[in-house]
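Bear in mind that the values here come from a model prediction, so they are computed numbers and not experimental data. Just so you know, these numbers use all the heavy atoms, side chains as well, and skip hydrogens, waters and symmetry mates. All chains are named by letter (A, B, ...) in the order of the sequence lines, taking the proteins before the strands, and each is independently numbered beginning at 1.
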Number of protein chains: 2
Amino acid sequence: MLNQSPNLDLMFQALADPTRRAMIDRLSHGPASVSELAKPFAMSLPAVVQHLQALEQSGLVSSQKLGRVRTVRIEPEALSLAEQWINDRRTLWARRLDRLGDLLSETEGDQQ
Amino acid sequence: MLNQSPNLDLMFQALADPTRRAMIDRLSHGPASVSELAKPFAMSLPAVVQHLQALEQSGLVSSQKLGRVRTVRIEPEALSLAEQWINDRRTLWARRLDRLGDLLSETEGDQQ
DNA sequence: ACTTTGGTTAAGCATGGTCTTAAGTAACAA
DNA sequence: TTGTTACTTAAGACCATGCTTAACCAAAGT
């Protein structure tokens with residue numbers, strides 16, 4: 001299954017679950033099969049697959065099947081998109097604080 | 001109400017909703033009151049307040065009440081934490097790709 | 001004092017997300 | 001060909017989420 005078009009709703013929703021974040025964590029070290037990904041978790045395989053579907057629909061992960069094993073890998077561009085969204089807002093705020101700082105020091109200058 | 005201890009589950013959950021992302025977007029330009037934040041949305045005030053509670057519980061936002069108006073502001077450190085989580089995994093993956101690239105070019109060198 | 005503004009609380013409802021078990025399929029192994 | 005492995009599909013239980021309306025409260029304005 002190829003990657004879905006990344007969607008912020010689905011991406012952040014996918015990242016909101018600790019199981020799915022643990023999977024991303026595992027996948028950041030390299031691709032893995034479904035059963036490899038399932039191993040650390042005390043839940044049924046269908047549950048694991050449902051988590052993987054959430055990750056794949058969000059675009060954060062892609063997978064392809066070869067023979068009977070599905071190999072899952074991380075999609076760094078999608079991760080980057082989510083990261084960028086946060087960064088943009090955070091830096092906007094930071095710039096605003098900078099401008100406020102400038103204004104303050106200008107007024108101090110006027111007073112001195 | 002002061003800021004909650006930031007929690008990745010709650011933060012990403014909070015960011016998963018377009019209404020709440022729009023609020024963060026608005027707040028990245030500066031603090032705002034509850035009714036200012038509510039204005040763009042076609043939903044009841046209680047619904048807006050519930051979204052703000054989700055944001056505040058996640059730590060992404062803090063607020064304080066003065067007289068009868070509650071002023072909400074962004075918490076850049078919490079945003080930074082979420083951003084950092086993604087960045088860490090993404091760069092881990094990128095470094096892995098670099099190492100693979102190195103291995104490949106070494107083998108190419110051997111062959112040439 | 002009375003009204004308006006800004007927000008809060010509570011209750012209810014529809015939908016969606018996270019698990020389960022049971023049953024099925026297709027590839028590979030003996 | 002028979003069994004085992006690696007998923008896949010389907011259906012249901014159960015709790016969480018995202019809204020609503022109604023009623024309330026307290027600060028500010030007239």
Side-chain angles (χ1 to χ4, degrees), chain A residues 1-4 7-27 30-73 82, chain B residues 1-4 7-27 30-73 82:
Chain A
M1 278 148 204
L2 288 172
N3 30 342
Q4 304 286 122
N7 168 315
L8 283 177
D9 280 35
L10 295 180
M11 284 196 292
F12 285 126
Q13 181 71 35
L15 291 173
D17 186 281
T19 301
R20 290 193 291 259
R21 280 202 309 281
M23 288 172 170
I24 293 274
D25 209 9
R26 164 65 187 80
L27 290 171
S33 72
V34 170
S35 31
E36 275 170 1
L37 286 168
K39 215 165 274 175
F41 302 109
M43 68 177 68
S44 68
L45 202 77
V48 168
V49 171
Q50 282 163 33
H51 281 300
L52 286 173
Q53 280 168 357
L55 285 169
E56 190 154 8
Q57 278 174 32
S58 77
L60 288 169
V61 137
S62 70
S63 75
Q64 61 187 122
K65 201 165 180 177
L66 235 139
R68 58 183 169 170
V69 353
R70 174 172 300 281
T71 302
V72 184
R73 70 193 65 244
Chain B
M1 278 148 204
L2 289 170
N3 31 341
Q4 304 285 123
N7 168 315
L8 283 177
D9 279 36
L10 295 180
M11 284 196 293
F12 285 127
Q13 183 70 38
L15 292 173
D17 186 281
T19 302
R20 290 192 291 259
R21 280 203 308 282
M23 288 172 170
I24 293 274
D25 208 11
R26 164 65 186 81
L27 290 171
S33 72
V34 171
S35 32
E36 275 168 1
L37 286 167
K39 216 163 274 175
F41 303 110
M43 68 177 69
S44 67
L45 202 77
V48 167
V49 171
Q50 282 163 33
H51 281 300
L52 285 174
Q53 280 169 356
L55 284 168
E56 190 154 8
Q57 278 175 30
S58 77
L60 288 169
V61 137
S62 70
S63 73
Q64 62 187 119
K65 200 166 181 176
L66 235 138
R68 59 181 170 174
V69 352
R70 175 172 300 281
T71 302
V72 185
R73 69 192 65 244

(request) Ignoring the backbone of B:Val34, work out which of C:dG17, C:dG7, C:dT20 is nearest its side chain. (result) C:dG7
(request) Provide the closest heavy-atom pair for B:Arg68 versus B:Lys65 in the form atom of the first, atom of the second, distance. (result) O-CE, 3.8 Å
(request) Check every strand shown and say whether A:Ser35 touches a base, only sugar-phosphate, or nothing at a heavy-atom separation below 4.0 Å. (result) sugar-phosphate
(request) Answer yes or no: does a side-chain N or O of A:Lys65 lie under 4.0 Å from OP1 or OP2 of D:dA6? (result) no
(request) In whole angstrom, give the distance that lies between atom NZ of B:Lys39 and atom C1' of C:dG6. (result) 11 Å
(request) Write down the distance between CD (A:Gln13) and P (D:dG18), rounded to a whole number of angstrom. (result) 8 Å
(message) Looking at the base of D:dA6, is there any donor atom on it, or on the side chain of A:Arg68, that sits under 3.5 Å from an acceptor on the other one?
(response) no
(message) Rounded to whole Å, please give me the gap between CG in B:Asp17 and C1' in C:dG17.
(response) 15 Å
(request) Describe the nucleic acid contact of A:Thr19 in one word from base, sugar-phosphate, nothing, applying a heavy-atom distance below 4.0 Å. (result) nothing
(request) Give a yes or no on whether a donor-acceptor pair under 3.5 Å exists between the nucleobase atoms of D:dT9, that is its base, and the side chain of A:Gln50. (result) no
(request) Starting from P on D:dA16, measure out to CD on B:Gln57 and report it in whole angstrom. (result) 13 Å
(message) Strictly distance-based, threshold 3.5 Å: is any side-chain N or O of A:Arg26 a donor or acceptor partner for the main-chain N or O of A:Glu36?
(response) no
(request) Mind calculating the distance between CG (A:Leu52) and P (D:dA6) to the nearest angstrom? (result) 15 Å
(request) Keeping the roles fixed (side chain from B:Arg20, backbone from B:Leu15), state whether a donor-acceptor pair exists under 3.5 Å. (result) no
(message) Please find the pair of heavy atoms, one from B:Ala22 and one from B:Phe41, that lie closest to each other, and give the distance.
(response) CB-CZ, 3.7 Å
(message) Strictly below 4.0 Å: does B:Ser44 bring a side-chain N or O up to OP1 or OP2 of D:dC19?
(response) no
(request) Could you tell me whether the phosphate oxygens of D:dC7, OP1 or OP2, come under 4.0 Å of any side-chain nitrogen or oxygen in A:Ser33? (result) yes
(request) Would you mind reading off the distance between A:Met43 atom CE and C:dT21 atom P, rounded to a whole angstrom? (result) 12 Å
(request) Rounded to the nearest angstrom, tell me the gap between atom CZ in A:Arg70 and atom C1' in D:dT5. (result) 16 Å
(message) Using heavy-atom distances to pick each residue's nearest nucleotide on DNA chain C, tell me which of A:Leu45 and A:Gly67 is more 5'.
(response) A:Leu45
(request) Round to a whole Å and report the spacing from CD of B:Glu36 to P of C:dG7. (result) 8 Å
(message) I'd like to know if the side chain of B:Arg70 and the backbone of B:Val34 have a donor-acceptor N/O pair within less than 3.5 Å.
(response) no
(request) Map A:His51 and A:Leu66 onto DNA chain C by nearest heavy atom, then report which one ends up closer to the 5' terminus. (result) A:His51
